[in-house]
Trainee: 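Right, I'll just put the structure down here and ask away after.
Below, chain A is the first sequence line, B the second, and so on; all start at residue 1.
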Amino acid sequence: MSLFFQQLINGLAWGGIYALIAIGYTMVYGIMQLINFAHGDVFMAGAFAGYVIAQLLPDKSSLPSVILVFLSAMLFSTFLGILIERLGYRSLWKKNAPRLSLLIVAVAISLLLENVGLMIFGAAPRSFPSIIPSRSFSLGSISFTNIQVIVILSSLVLMVALQLIVMRTKMGRAMRAVAEDSEMSALLGIPRERILSFTFALGSALAGVAGVMVAIYTPQINPLMGILPGLKAFVSAVLGGIGSIPGAMLGGFVLGEAETLVSAYISSSYRDLLAFLILIFVLLFLPSGLLGKGVAEKL
Amino acid sequence: MKEPILRVEGITVRFGGLVALKEVTFSVEEGELLGIIGPNGAGKTTLFNTITGAVSPEKGRIYFQGKDITSLPPHKRARLGIARTFQNLRLFSRLTVEDNIKLAMGLPYPAFAPLFSLPSYHKMEKQMSESAIALLKTFHLYPYRDRIASALPYGERKRLEIARALALKPKLLLLDEPTAGLSHQEAISLMEELKELRKGFSLTIILIEHNMRVVMGYCGRLITLNYGEIIAEGTPEEIANNPAVLQAYLGEESLC
Amino acid sequence: MLKLEGIDVYYDSIQALRNLSLEVREGEIYALLGANGAGKTTTLKAISGLLIPRKGRIYFQNEDITFLPIEERVKRGISQVPEGRRVFGKLTVEENLLLGGWTKEREIKKNLEIIFSLFPVLKQRLRQLAGTLSGGEQQMLSIARALMSEPRLLLLDEPSLGLAPLLVRDIFHYIREINEERGVTILVVEQNAHMALQIAHRGGLLQQGELILEGSADELKNMELVKSAYLGG
Amino acid sequence: MRAKNIILVIGIPFSLWLINHFISNPSIFSPYILQIIVLMGINAILAVSWDFISGVTGQFSIGQAGFMAIGAYSSAFLTLKYKVPFLPAILFALILSAIAGFIVGIPTLRLRGDYLAIATLGFGEIVRVAILNMPSLGGATGLKGIPIYSSFFSVYLALAITLWFCLALLKSQPGRILLSIREDEIASQMMGIDVVKYKVFAFTFSAALAGLAGALYAHWTSLVHPDSFSFMKSIEIILMGVLGGMGTIYGPAVGGMLITLLPEGLRLLLEQNPLLYQNKDFVRMLFFAILLLFFIILRPQGIFGKREAKG
Amino acid sequence: MKKLIIYSLVFFVIVGILLTGCGKKTEERNIKIGVILPLTGQLSTFGQSVRKGVELALEEVNREGGVLGKKVELIIEDDESKTDTAQTVVTKLLTKDRVPLIIGEVISSITLAVAPLCQRYKVPLITPSATNADVTRTGDYIFRTCFIDDFQGSALARFAIESLKAKRAGILKDVKSDYSIGLASAFAKTFKEMGGEVVNEQAYAAGDTDFRTQLTSIKASNPDIIFIPGYYNEVGLIIRQARELSIKANLLGGDGWDSPRVLEIAGASAEGTYYGTHFSPLEKSPQVQEFVSVFKQKYNEEPDALAALGYDTLKLVCSAIKRAGTTEGQKVRDELAQTKNFAGVTGEITIDENRNARKPLVILKIEKGKPTYFISIKP
């Protein structure tokens with residue numbers, strides 16, 4: 001039984017990370033019905049931004065530097081997210097281009113980011129400096145590290161913060177309004193483009209933090225590290241009901257735990273299979289996901 | 001008594017909580033030109049969608065030439081001879097005018113025939129072209145036959161959509177606002193063409209229309225829908241003087 | 001106050017408005033009538049900025065607003081209540097109202113008070129999701145939301161659509177009140193011609209995208225032409 | 001059959017056969033170039049297979065590498081383990097990938113637009129991970145030592161047949177029907193077209209072609225492993241199709257060839273610059289990405305597609 | 001149709017222009033040897049190390065007048081640690097550069113993928129470090145200058161039981177690598193034969209970064225040694241995460257660990273772990289010491305096993321060409337097969353009838369943040 005709980009803790013950390021990335025997917029989908037394939041790479045960029053800053057800091061493990069690393073990762077990925085939206089999607093979105101074009105642009109931007117990363121940093125993985133020295137704790141026969149605790153707690157805190165922003169602030173209100181009826185929002189004088197940028201900024205900031213978290217947790221980064229977690233986070237978003245923010249959070253945790261349990265009790269080589277089987281199953285039989293609201297298909 | 005070509009019995013359609021059609025019952029005799037009118041949101045297009053099978057009713061049955069078609073998929077109904085046009089034109093916009101017409105002709109040879117360039121393929125393709133051209137000529141679209149459908153002027157596109165529907169060799173033709181967006185002259189000439197066609201193809205036509213002059217001038221019988229219910233049925237003159245219809249269109253006078 | 005000068009509006013290649021000119025005067029209720037597809041909604045969309053005319057000019061308080069973005073028009077005092085109410089169903093009534101006040105943030109408190117005095121029923125439902133309101137309440141919310149931006153010109157698109165007759169009367173009662181007490185100029189588009197002409201000062205009749213008739217409400221009420229525009233004959 | 005067709009049917013294979021003799025002789029023709037030319041042919045078939053389902057029928061697939069993997073593995077398994085000759089092995093690969101396309105086709109056709117795209121992505125990944133977990137297929141390390149049966153002749157003959165079939169379909173009624181489904185599914189139904197049946201057909205046909213390409217690939221490189229059929233491969237296939245011009249069939253074929261040639265050309269260009277040369281693979285992908293963006297934003301119809309009329 | 005023909009004509013003209021650039025250019029003044037290595041990508045430190053060794057050996061060979069009176073020239077190609085790229089690049093070496101002989105690859109999986117090509121063109125391929133048993137079974141043109149995994153695995157198992165007194169072993173292997181799979185099974189076989197028990201066997205795939213789930217399972221079955229036959233990137237992370245999960249068991253691995261990256265990633269967690277490899281710079285023989293000092297002079301760092309293997313391999317190849325008196329494939333192959341008691345810095349190399357080298361395994365222990373010589377195991 002302790003083995004089971006130990007595995008649950010392992011899964012929880014990844015669940016939190018998937019959830020943080022999934023939120024970005026789901027928010028963007030909610031507003032512009034776009035699967036932003038580049039989102040996984042924003043996550044990667046966040047990790048590398050943290051890496052570069054951490055390299056520059058003299059005292060890597062002091063609290064101010066930890067905060068600085070996280071902040072700079074957040075800022076950089078926020079900036080990147082806004083840039084992607086401005087240069088990549090906005091013109092097509094305004095032109096009401098087919099969604100297929102947007103999807104291909106997303107794929108292209110993803111390729112672009114990955115290969116720029118590869119050119120700058122090379123394909124060989126890099127160790128992330130231990131800005132938070134890891135310590136192990138034991139609780140009975142279950143052991144966990146301070147980093148796991150930090151990852152789980154801070155992802156929860158961030159999710160609560162996000163929920164507050166979305167539910168309680170003016171911008172959050174406007175985001176939900178634009179997602180529900182973009183034209184009507186415009187008729188109320190809400191600047192849609194600013195809201196869209198804000199959405200990308202929020203999602204990207206979370207992805208950036210998730211990037212640093214993964215970097216500290218594993219602790220290794222490479223320019224292709226965003227692909228698989230990106231896809232998994234996307235599966236989480238679909239599982240939770242695409243467009244629903246609480247759904248994305250729930251989906252992230254469910255997928256994180258499910259993957260861990262499959263690797264623990266069946267085989268780790270079936271872990272990736274699981275995510276995609278869930279994806280197909282949800283698409284076919286539960287298209288609105290766990291928490292999404294069913295939408296009748298339009299004629 | 002002769003069986004009507006279309007019989008709709010007690011159709012009820014619901015979208016979520018909203019009742020779009022409520023116990024709608026009517027029938028259409030062969031060769032008739034029936035008009036359906038009613039204010040916005042009265043359920044006219046939903047009625048067409050139900051007859052063609054795009055929407056399935058919660059209650060009620062639909063008979064076409066005496067056959068119950070309530071549970072048939074749309075493409076089978078089309079093959080039986082129910083064709084329609086759409087309110088906002090649904091042409092295959094990147095296909096040529098001629099191909100738009102040919103599409104409605106089904107697959108007259110085995111699908112592998114073109115792979116091996118079989119004679120049946122060449123023969124049938126030739127036949128299809130010939131009948132497509134004949135149809136295009138009828139609708140004065142022949143000069144445009146190699147153009148992409150979306151490159152046609154609006155009026156021509158409207159006519160192309162009707163021509164495409166006719167290529168199905170339908171017995172029943174449903175026209176959803178055929179004259180919308182046309183000038184008065186264009187509308188009248190289109191209706192004249194339809195009148196000719198109805199004779200030529202021995203067609204039954206149901207028409208949704210807002211242009212009352214068109215409806216009054218060409219339809220033999222009118223049905224008025226409001227809030228998903230039939231509120232009046234009769235000749236154009238009867239409808240024009242029916243107080244319920246006036247009220248549906250102009251609003252409740254008495255309440256003010 | 002609002003002047004349309006010879007505008008042509010197209011949907012793709014379909015012409016919806018043909019050389020339309022009309023003028024709405026300060027403080028009046030103007031009813032735009034016409035059958036389905038005559039171009040009424042299109043006219044409103046051109047005024048609010050959802051559609052840009054291919055030809056012609058639109059002036060609001062003597063300023064050319066033909067190409068202004070939607071948000072700028074809202075700031076200048078044009079507010080549209082679109083057809084079908086379009087309240088944000090997944091947001092609460094309060095959130096809907098707050099969003100309505102996006103451009104007049106400082107006045108939100110004051111405006112909310114005004115709204116509550118106009119539509120007391122909304123005050124009781126502040127925390128309720130707008131999607132769970134009844135049709136009439138949604139229409140009220142939709143109008144109230146538009147009022148939150150302190151419009152000088154309110155565009156109403158088919159406010160009676162899909163409402164039971166008694167509710168329709170209520171809504172029109174509110175519309176008149178807004179006009180009389182708050183001094184808001186109103187352009188209302190209605191299929192329900194009798195109702196609209198009851199409260200309007202002036203009106204116009206659209207047919208096939210052209211304004212074929214204009215006059216005072218009383219004149220229009222008795223015109224056979226209005227009837228025939230709807231029913232032909 | 002018309003005279004022109006007879007000439008094509010006899011002439012093309014015969015001339016391919018003649019060229020094959022010349023081109024496959026390493027003392028006359030550089031095998032390095034032959035390698036590139038053959039891969040160009042294989043990728044052209046792949047791009048056409050994608051175009052058939054995505055460009056022509058409008059069902060966006062980002063799992064094409066999955067079908068390719070099925071064709072590659074099934075044929076390689078037969079020739080390697082059971083010494084089956086090439087032709088039956090290819091036929092088997094065709095049938096198996098067609099069945100896979102059929103099976104994928106039925107349920108995914110309930111889905112539309114990006115949901116379908118995601119589902120095909122899921123399918124492609126499932127195929128890859130499933131192979132990873134099958135020891136008899138070599139698991140993660142792949143199958144090695146597959147007999148080299150593919151040649152310039154077989155690849156280009158396959159490409160010729162593929163193009164012939166696809167173009168013949170495209171200009172006849174079945175092709176028109178598929179195009180109409182892309183344009184407007186509902187209107188197609190109203191024209192009496194059994195949309196589901198045709199979509200499944202298009203999926204099956206496209207999968208079979210991808211499987212064919214896979215089989216030829218396996219018997220050319222003599223090695224298959226799951227990483228060759230990853231998500232990135234599917235993306236590369238899409239790039240070929242978009243570049244060539246979706247829905248034109250021959251456009252993607254040329255697109256496939258160009259994309260194969262590109263890295264080799266870049267290799268030659270970059271050899272002068274050691275820094276860039278060291279990063280040639282990334283430079284290549286970067287170039288791809290920019291190309292893709294360029295085409296989608298500025299020339300969505302690809303190199304060969306026709307510009308659509310405004311309206 | 002006409003357009004199609006025009007387009008394809010244009011296309012083939014472009015192809016032609018591009019490809020004519022590839023024709024033969026240089027006179028064969030030098031002896032060209034192809035080298036294929038993972039210089040970038042996942043396993044780049046291996047490639048870089050071998051390259052350093054090979055280039056050092058090249059300098060020496062050419063300083064001594066080259067081979068057969070000609071200078072030796074290396075054509076070094078990078079395969080980015082990827083199988084596909086390796087195939088393309090080897091085809092280029094074989095057909096465009098027409099090298100008489102190829103050194104490489106380092107990684108078993110990639111070597112297995114390119115070996116059939118070399119065999120087909122009858123060009124000898126000599127790998128410095130692909131230890132998987134199947135590599136040389138590809139054909140009679142494939143050689144190696146290192147031991148094979150059957151030996152390595154069984155030697156490591158012997159070491160685990162005899163020196164570390166282990167009885168219960170857990171195994172964590174990389175299913176994406178032929179090397180890892182082969183080594184794991186060789187280890188398990190001997191370990192069981194010698195009375196030990198393999199209590200838990202888990203898998204991962206190269207490129208993974210989180211191994212906590214597998215390690216947690218292994219921990220639960222309470223082994224006293226965990227055998228990790230992987231490559232350095234993952235190994236570093238595995239060691240680190242194992243210690244974070246408070247796993248106290250001994251950790252043991254093979255020559256895939258031999259990279260400074262392990263220590264870099266695992267840090268203090270690596271303390272007290274053991275691994276087997278081909279070479280230790282701490283060996284006392286004069287030949288080794290000279291190599292170490294020359295290497296240090298040139299590169300300012302200590303050579304690792306892969307550098308030493310690279311060095312030995314080029315030297316061995318040159319000696320075979322010398323003996324053959326020609327660069328013709330068949331003759332060079334025969335001479336390679338005849339290699340006996342070639343004195344390399346990684347020990348005496350004798351190529352056996354299966355074209356493998358029989359050499360001792362050196363076990364290193366990580367102490368005070370450095371790999372230190374622990375014990376040597378003879379075949």
Trainee: Please lay out, stage by stage, how C/Arg145 and A/Met184 fare under the test side chain to side chain contact (heavy atoms under 4.5 Å, CB included).
Mentor: CA-CA 11 Å; C/Arg145 186 178 59 182; A/Met184 186 63 231; 3.1 Å; yes
Trainee: Would you give the length of the straight line joining atom CG of C/Asp157 to atom CG of A/Leu187, rounded to the nearest 0.5 angstrom?
Mentor: 10.5 Å
Trainee: How many angstroms lie between atom CZ of A/Arg168 and atom CD of C/Glu95, to the nearest 0.5 angstrom?
Mentor: 9.0 Å
Trainee: If you check every heavy atom in residues 121-137 of chain C against those of chain A, which residues fall under 4.5 Å?
Mentor: none
Trainee: Is C/Leu50 in contact with chain A via its backbone, its side chain, both, or neither, using a 4.5 Å heavy-atom distance?
Mentor: side chain
Trainee: Is it the case that atom CZ in C/Phe116 sees more than 12 heavy atoms from other parts of the structure closer than 6.0 Å?
Mentor: yes
Trainee: Is there side-chain contact between C/Phe88 and A/Leu188, with at least one heavy-atom pair below 4.5 Å?
Mentor: yes
Trainee: Which value, rounded to the nearest 0.5 Å, describes the distance between A/Glu180 atom CD and C/Leu99 atom CG?
Mentor: 10.0 Å
Trainee: For each of C/Thr103, C/Leu91, C/Asn96, tally heavy-atom pairs with chain A at distances under 4.5 Å, and name the one with the top tally.
Mentor: C/Leu91
Trainee: Rounded to the nearest 0.5 Å, how far apart are OG of A/Ser185 and CH2 of C/Trp102?
Mentor: 9.5 Å
Trainee: Using a heavy-atom cutoff of under 4.5 Å, enumerate the residues of residues 56-82 of chain C that contact chain A, numbered in order, or state 'none'.
Mentor: C/Ile70, C/Glu71, C/Val74, C/Gln80, C/Pro82
